[in-house]
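Basis for what follows: all heavy atoms, side chains included, without hydrogens, waters or symmetry-related copies.
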Amino acid sequence: QVQLVESGGGLVQAGGSLRLSCAVSGRAFSNYAVGWFRQAPGKEREFVATINWSGTMTFYADSVKGRFTISRDNAKNPAYLQMNSLKPDDTAVYYCAAGRYTSVSTGYEYWGQGTQVTVSS
């Protein structure tokens, strides 16, 4: 079993930055790719970014490319999502997930509870 806990969300003005963390416990963290997804009110959950088990490959949604950076530290366990140049459209609950290296949510076996990110204009 794998448990994931997100942190780092909050309220920020447009143009600001936040760094989300995903703490993983349970089975070997380095066995899994880590993905970030988000869900805004009234919308479906959407893919944001993913990183493979070794940290050598990353993939981003077009909407965040160039603004967000996903990373991981297998020695210390967490994964991160650095979010810069935030826009009001980035407002959502952000979830981290562990599973396969894919942009499809069904490829992830384990999910965190989510952390709220609110970007004011």
Side-chain angles (χ1 to χ4, degrees):
Q1 191 71 10
V2 175
Q3 294 82 39
L4 299 95
V5 178
E6 303 93 339
S7 61
L11 174 64
V12 64
Q13 288 189 330
S17 298
L18 283 174
R19 188 176 81 157
L20 305 183
S21 297
C22 177
V24 183
S25 61
R27 289 187 179 177
F29 170 63
S30 60
N31 289 346
Y32 298 94
V34 173
W36 286 94
F37 292 77
R38 65 187 182 185
Q39 187 167 18
K43 295 186 178 181
E44 293 188 353
R45 188 172 298 187
E46 66 173 0
F47 167 75
V48 175
T50 184
I51 188 166
N52 72 330
W53 68 274
S54 62
T56 56
M57 294 194 296
T58 59
F59 182 69
Y60 297 91
D62 287 344
S63 59
V64 306
K65 200 173 296 181
R67 300 188 298 122
F68 290 12
T69 303
I70 189 170
S71 62
R72 66 188 296 165
D73 184 341
N74 286 343
K76 297 182 180 179
N77 207 13
Y80 304 100
L81 184 68
Q82 177 68 43
M83 305 186 295
N84 299 328
S85 302
L86 283 161
K87 306 174 182 179
D89 284 349
D90 295 318
T91 295
V93 176
Y94 283 71
Y95 299 88
C96 68
R100 294 192 292 113
Y101 179 67
T102 177
S103 62
V104 179
S105 62
T106 53
Y108 293 86
E109 300 174 59
Y110 305 102
W111 292 81
Q113 294 300 306
T115 185
Q116 176 71 47
V117 171
T118 303
V119 184
S120 62
S121 57

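- No more than 12 heavy atoms of other residues, nucleotides or ligands shown are found within 6.0 angstrom of CD on Gln113.
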Donor-acceptor pairs under 3.5 Å, side chain of residues 95-105 to any protein atom, not counting sequence neighbours: which ones?
residue : atom : partner : partner atom : Å
Tyr101  : OH   : Thr58   : N            : 3.4
Tyr101  : OH   : Thr58   : O            : 3.2
Thr102  : OG1  : Val104  : N            : 3.1

*Step by step, would you call Glu46 with Arg38 a side-chain contact (heavy atoms from CB on, under 4.5 Å)?*
CA-CA 5 Å; Glu46 66 173 0; Arg38 65 187 182 185; 2.6 Å; yes
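- Of the residues Thr50, Val48, Ile51, Ile70, the one that meets the side-chain contact (heavy atoms from CB on, under 4.5 Å) test with Tyr60 is Ile70.
- Put simply, the side chain of Met83 reaches to within 4.5 Å of the side chain of Leu20, judged on heavy atoms.
- Residues Val2 and Tyr32 approach most closely at CG2-CE1, 3.8 Å, considering heavy atoms.
- Under a hydrophobic-cluster definition in which Ile, Leu, Val, Met, Phe, Trp and Tyr are linked whenever side-chain heavy atoms come within less than 4.5 Å, directly or via other members, Val93 and Leu81 are assigned to different clusters.
- Asn52 CG to Met57 CE: the interatomic distance, rounded to the nearest 0.5 Å, is 4.0 Å.
- A continuous path of Ile, Leu, Val, Met, Phe, Trp and Tyr side chains, each step under 4.5 Å between heavy atoms, connects Tyr94 with Tyr110, placing both in one hydrophobic cluster.
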Quiz: residues 114-121 side-chain donor-acceptor pairs under 3.5 angstrom, not counting sequence neighbours:
residue : atom : partner : partner atom : Å
Thr115  : OG1  : Gly9    : N            : 3.3
Gln116  : NE2  : Ala92   : O            : 3.4
Gln116  : NE2  : Thr118  : OG1          : 3.3

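- A salt bridge links Asp62 and Lys65; the closest N-O separation between the charged side-chain nitrogens and carboxylate oxygens is under 4.0 Å.
- Between Trp111 and Phe37, the ring center distance clears the sub-6.0 Å criterion.
- Note: the hydrophobic cluster containing Tyr80 does not contain Phe59 (ILVMFWY, side chain heavy atoms under 4.5 Å, direct or indirect links).
- Among residue pairs with one or both ends in residues 34-68, none qualify as disulfide (SG to SG under 2.5 Å); sequence neighbours excluded.
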